[in-house]
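Let me begin by presenting the structure, written as C-alpha cells, before commenting on it.
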Amino acid sequence: MSTPPIPSAYRFPDKPDAVEFRSFTHGLQPERVPHMMEQFTEDWRQRGVDAWNEVPNHWRPDADETVGWWTLPTYLGDEFVAPLLGAPPETCILQPSVHWTVQCLLSSPEVAARGTEVVVPETAFPSVLHSVQRWSDLRDLTPHVVAPTGDHRVDRSALLDAIGPDTALVALSHVGFTTGACLPDSFLQSVAERARRHDALFLLDGYHAAATRPIDVTQLGCDLYVGGLLKEASGSAGNTFLYLRDGLELAPRLTGWFGNAAPFEFRTEPSPHPDVRRRFLGGTTPVAPMYHAVEGVRLLLDVGLEAVRDHSLALTDRAIERADALDIPLRSPRAPSERSAMVLLEVSEAERLAAHLKQQHVYTDSRRNEVLRMAPFVWNTREEVDHAFNLIGDALDTGAYRSRSVDAAGPVT
Ligand SMILES: Cc1ncc(COP(=O)(O)O)c(C=O)c1O
C-alpha cells in the first residue's frame, strides 16, 4: 500500500521533499489546528470570563451539547479519548502531562492502603519511573524496579513474579520507548489478573500505543491508562489524558480547587469532587491546548484505527525488509503482534546518521548514539520509506555521514 489513509488532512513543513518519520515525538499538524486556535482567541476576546461557562461547540459543531472551558476536559475525554481506548462513558479526562497524573495517583491514600511497593520496570519512561522513585522519600511506597532482559525488553516473568501481597501498584509502559516493543494483550491481562488477586492497582502508560491501533482498556483489565495526544495523535504540549476504571475510588492529596466538589463555596476543608476524574484537575485548567488537542484524534477515528494500524504495519514491514537487505540489526520487534509504530535500527554513530538524513530533509532521531529511530505513520508512503533506506544504504556504504556534525543541543524526546 503506498497511499496514506489520510492524504491531505495534515499540514507539512514548507519543504517540498520533507519526510517526517518522528511521530513518536510530534505528529504533523492537522489542517484544522489554525482554525481551532483562532476559535480560542475569539472565545476569549468575545466572551471573556463567560467562556468558562459556555463557548460554541467547535469540537462537535453538529451536536446539541453545550460546552464551556469548565467542562472541556471531561467532554473531550468522553467524545474523543474514550473511543481511542474502547473506554466506557465518563471514564476519561484530559490532563496536562503524564508526570502530573502519576504524581496525583501516587499521592492518593487509596494507593498506599493497598500495599507498600510499586512494581515498575527499569525501562519505564522517567515521568513514571522517577515519580515512583521520588515518592518513596515522601510516603511509604517503595519502588520495586524490575531489571530488563538482555535485549532491553520488559522481563515478563520477573515482572509477574514481582507482583505479590506487598504490591500497591504496578506501572508499565504499553510500548517501550527505547525498544518500540508493544506488550502483548495476553501478558497485560496476566498482569491485571495478578494485580487484582493481590488487591493492587494496574497503571498502563499508553504513549506510542494509543492512537496507533485499536485498544480496549476494559479487555486489558488495567485500572488506569495514561497517554499523550501530542505524538501519533498530532496534538501539542499539554495534551495528555487519563482513563480511570469505572468505580475506582481515589482522592489525590495533590489537589486544587478545580478538583473540589464546590469550588465556588471556597470551603475551608477540601471535599473531593463526586466525579473522580475531576479530582485529577488540580488548579485552573490550561484550556488553550485543548482547542487543538483532538484534531488529530478526529482524523484517526474518521479513518478507523484498524486502517491506521494496517498502514503502519505495511510501512514497518517495508522498513524491516529494507533493513534486512542492508544487514542492519533491529532493536525493535519483528513480530507484528509485538511491533509498535516505531522501528529502531542498531547502527554505530546513529546521531550522525540522523543528522545526515536531516540534512536531506528525512527526519528520524537517534538514541544514545546506538539506534536510529523512525516511525513511518499515516501521512507517510512506502516510497518515502524506500527513499529513506536508499539514503541510509548510501550513507553506510560511503561512510560519509560519520563526518557530519551533530546538534550540540542534543535530541528531543
Ligand atoms: C512512554 C512515555 N510516557 C510518557 C511520556 C511523556 O511524559 P510527560 O507527559 O510527563 O511529559 C513520553 C514522552 O515521550 C513517553 O514516551
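Both ligands and their constituent atoms are indexed starting at 1 by order of listing. Position 1 is the first residue of the sequence; numbering continues from there. In this text, all values refer to a predicted model and were calculated from it rather than measured experimentally.
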Heavy-atom contacts with His99 under 4.0 Å: which atoms of ligand 1 show up? List them by number with element.
-> 10 (O)
Give a yes or no answer on whether the side chain of Asn239 reaches the backbone of Ser236 with a donor-acceptor pair at less than 3.5 Å.
-> yes
Ring geometry between Phe377 and Trp379 (parallel below 30°, tilted from 30 to 60°, perpendicular above 60°) = perpendicular
Salt bridge (Lys or Arg N to Asp or Glu O under 4.0 Å) partners for Arg352, two or more places apart | Glu349
With heavy atoms under 4.0 Å as the rule, classify the contact between Val98 and ligand 1 as side chain, backbone, both or neither.
-> both
For Ser97, take its heavy atoms, then give the atoms of ligand 1 lying under 4.0 Å from any of them.
-> 9 (O), 10 (O)
Using a strict 4.0 Å cut-off to heavy atoms of His208, name the atoms of ligand 1 that fall inside it.
-> 15 (C), 16 (O)
Return the minimal non-hydrogen interatomic distance between Ala395 and Leu353, and the atom names on each side.
-> CB-CD1, 3.8 Å
For atom 1 (C) of ligand 1, which candidate among Thr101, Asp205, Thr240 provides the closest heavy atom?
-> Asp205
Is there side-chain contact between Phe280 and Leu250, with at least one heavy-atom pair below 4.5 Å?
-> yes
Could an N or O of ligand 1 be found under 3.5 Å from any N or O of Ser173, whether backbone or side chain?
-> no
Under the side-chain contact (heavy atoms from CB on, under 4.5 Å) test, residues paired with Cys92 that sit two or more places apart = Val81, Ala82, Leu85, Ala87, Tyr243
What atoms of ligand 1 come within less than 4.0 Å of a heavy atom belonging to Lys231?
-> 13 (C), 14 (O)
